[in-house]
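To start, the structure itself, in structure tokens.
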Number of protein chains: 2
Amino acid sequence: MEITIGIVEDHSEFRNSLVFLISSFTAYQVVWAVGSVREAMDNKEPVDIILLDINLPNLSGIQGIPLFKAKFPGQKIIMLTIQDDEESILSAIKAGADGYILKKTSPQKILEAIQQVYEGGAALTPMVAKQVLALFKPKKAVKVTHTSLTPREKEILTLITQGMSTLVIAETLFISIQTVRNHIKSIYEKLHVHSKAHAVAIALKEKIV
Amino acid sequence: MEITIGIVEDHSEFRNSLVFLISSFTAYQVVWAVGSVREAMDNKEPVDIILLDINLPNLSGIQGIPLFKAKFPGQKIIMLTIQDDEESILSAIKAGADGYILKKTSPQKILEAIQQVYEGGAALTPMVAKQVLALFKPKKAVKVTHTSLTPREKEILTLITQGMSTLVIAETLFISIQTVRNHIKSIYEKLHVHSKAHAVAIALKEKIV
DNA sequence: AACAAAATAACCCAAATGGGTCATTGTGAG
DNA sequence: CTCACAATGACCCATTTGGGTTATTTTGTT
């Protein structure tokens with residue numbers, strides 16, 4: 001059985017090449033291809049996958065996501081767009097998109113994305129994936145000074161932030177506990193602290209580690 | 001110029017097949033392949049991409065991420081693992097992994113992931129990507145683990161993250177140092193830690209303060 | 001070759017911490 | 001009115017930590 005596809009893309013030229021591309025494989029069947037969310041919502045049968053542009057007249061693709069999901073919850077939605085800004089990506093993901101790929105992505109990759117989403121996964125182009133992962137990381141701190149820590153000191157500070165005691169750190173690094181203590185003393189001087197707890201606080205807040 | 005690769009994988013059989021796979025392409029060069037984070041940190045030259053297993057003896061792959069990043073910030077890290085649980089994925093991403101692919105992924109896809117990450121993107125297998133996207137969707141009662149801290153305990157934990165000693169906290173709150181110590185003990189039990197440093201790390205990373 | 005920095009290691013001592021146990025008081029939910 | 005729990009306070013003991021000093025070896029840079 002073929003995977004059924006719906007396309008919402010206002011640029012007719014690109015829309016036609018998508019239809020041509022996808023239809024050239026017997027595994028996929030483009031059931032409908034329209035230029036706006038309104039048309040798509042209008043008496044169109046459910047499909048497995050919807051390729052949805054973001055920049056659309058009237059209702060944007062992102063606004064359209066909840067509408068499609070509401071009408072036929074089983075439909076998977078892949079955003080197909082030229083925009084890779086954080087705002088768009090985040091909005092689409094929150095709205096429930098199952099994929100987010102850029103239009104400049106190769107035809108082969110687009111087909112691959114359809115297949116992946118159909119199989120229950122999510123499809124993200126590498127650059128989009130990178131931005132999505134970046135959303136999980138806390139905003140970049142100032143990270144002004146403190147670069148005076150030596151590599152070994154940074155390493156030990158990292159282990160401290162993982163909750164290790166001095167002894168465990170020594171065993172982990174295969175060095176004497178005395179040596180670890182000396183490094184810790186140096187770290188304290190450089191960070192102007194007098195305890196592990198404070199060092200961890202500074203390290204995590206100032207993003208040294 | 002070849003893309004240089006480092007591999008950290010304790011299962012020697014799988015490690016060898018990875019080396020064999022990657023080395024069979026002239027575009028990639030496996031510079032080193034070891035069985036633990038410690039070996040990798042030990043006199044190993046920087047590479048473009050590190051393939052890093054999660055389940056490792058001693059230091060886990062996730063604990064290793066910040067160490068690698070600290071030593072050579074330019075190195076990209078791809079987690080290569082059998083685990084696709086939310087916990088592992090989230091930890092790895094927060095720690096700064098650039099890719100997260102499952103071991104059962106086809107050899108071609110592994111090579112593809114290396115190429116994508118080398119080009120500045122992020123590599124996620126579809127099923128992992130799906131779980132990552134799911135993390136953005138609203139869900140309830142995840143923080144139950146830490147909401148058990150009483151108001152006073154949260155207050156004291158906050159002061160600990162400011163670097164205060166037990167005595168200073170007692171003076172600040174106008175209560176006995178013994179009382180503060182008792183609260184700290186309760187905090188340790190609830191957070192499953194055994195030191196201020198670890199408590200601070202958990203508090204800041206989990207944003208419970 | 002000379003020098004500085006980093007990493008290694010050891011010693012001492014006082015203070016802080018972690019881990020138990022026990023007890024009193026107040027407060028809110030049944 | 002109980003009952004659980006939060007908050008308060010105390011004692012003991014072993015371990016860890018913080019702070020000071022000194023010293024050797026390695027490494028990188030003039």
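Since we're looking at a predicted model, the values are computed, not measured. Convention: sequence-line order gives letters A, B, ...; per-chain numbering from 1.
Listed pair T150(A) / dA7(C) meets the phosphate criterion, a side-chain N or O lying under 4.0 Å from OP1 or OP2. Contact annotation: Y188(A) reaches the phosphate of dG18(D) (side-chain N/O to OP1 or OP2, under 4.0 Å).
A donor atom on one side chain and an acceptor atom on the other are not found under 3.5 Å apart for S186(A) and E189(A). At a cut-off of 3.5 Å, with distance as the only test, no side-chain donor of N182(A) or T179(A) sits close to an acceptor on the other residue.
Along DNA chain D, the nucleotide nearest P151(B) and the nucleotide nearest N182(A) are compared for position; the residue whose nucleotide lies closer to the 5' end is P151(B).
Shown for residues 166-181 of chain B: residues whose heavy atoms fall under 4.0 angstrom of DNA chain D, namely I175(B), S176(B), Q178(B), T179(B).
Judged purely by atom type and a 3.5 angstrom limit, T158(B) uses its side chain to pair as donor or acceptor with the backbone of K154(B). Here the side chain of W32(A) pairs no donor or acceptor atom with the backbone of A40(A) at under 3.5 angstrom. Remark: the backbone N or O of T4(A) is paired with a side-chain donor or acceptor of D48(A) at under 3.5 angstrom.
I184(A) has its CD1 atom 14 Å from the P atom of dA7(C), to the nearest Å. In this structure, CD of E189(B) is placed 16 Å from C1' of dT17(C), rounded to the nearest angstrom. Atom-to-atom, CD1 of I156(A) to P of dG18(D) comes out at 13 Å; the value is rounded to the nearest Å. Between the NE2 atom of H198(B) and the C1' atom of dG18(C) there is a distance of 15 Å, rounded to whole Å. If you measure from atom CD1 of I187(A) to atom C1' of dT17(D), you get 14 Å, rounded to the nearest angstrom.
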Query raised in the report: Given K109(B) and E112(A), is the salt bridge (Lys or Arg N to Asp or Glu O under 4.0 Å) satisfied, shown in steps?
Result: CA-CA 12 Å; K109(B) 290 292 177 190; E112(A) 218 167 70; 2.8 Å; yes

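No contact: S186(B) has no heavy atom under 4.0 Å from any strand. K196(B) comes within contact range of the sugar-phosphate backbone alone, with a heavy-atom separation under 4.0 Å but no base atom that close.
Checked by distance alone, K185(B) brings a side-chain donor or acceptor within 3.5 Å of a matching partner on the base of dG19(C).
Taking 4.5 Å as the limit, every side-chain heavy atom of I49(B) sits out of range of all side-chain heavy atoms of I77(B).
If you check dT17(D), dA7(C), dG18(D) against the side chain of H194(A), the one that comes closest is dG18(D).
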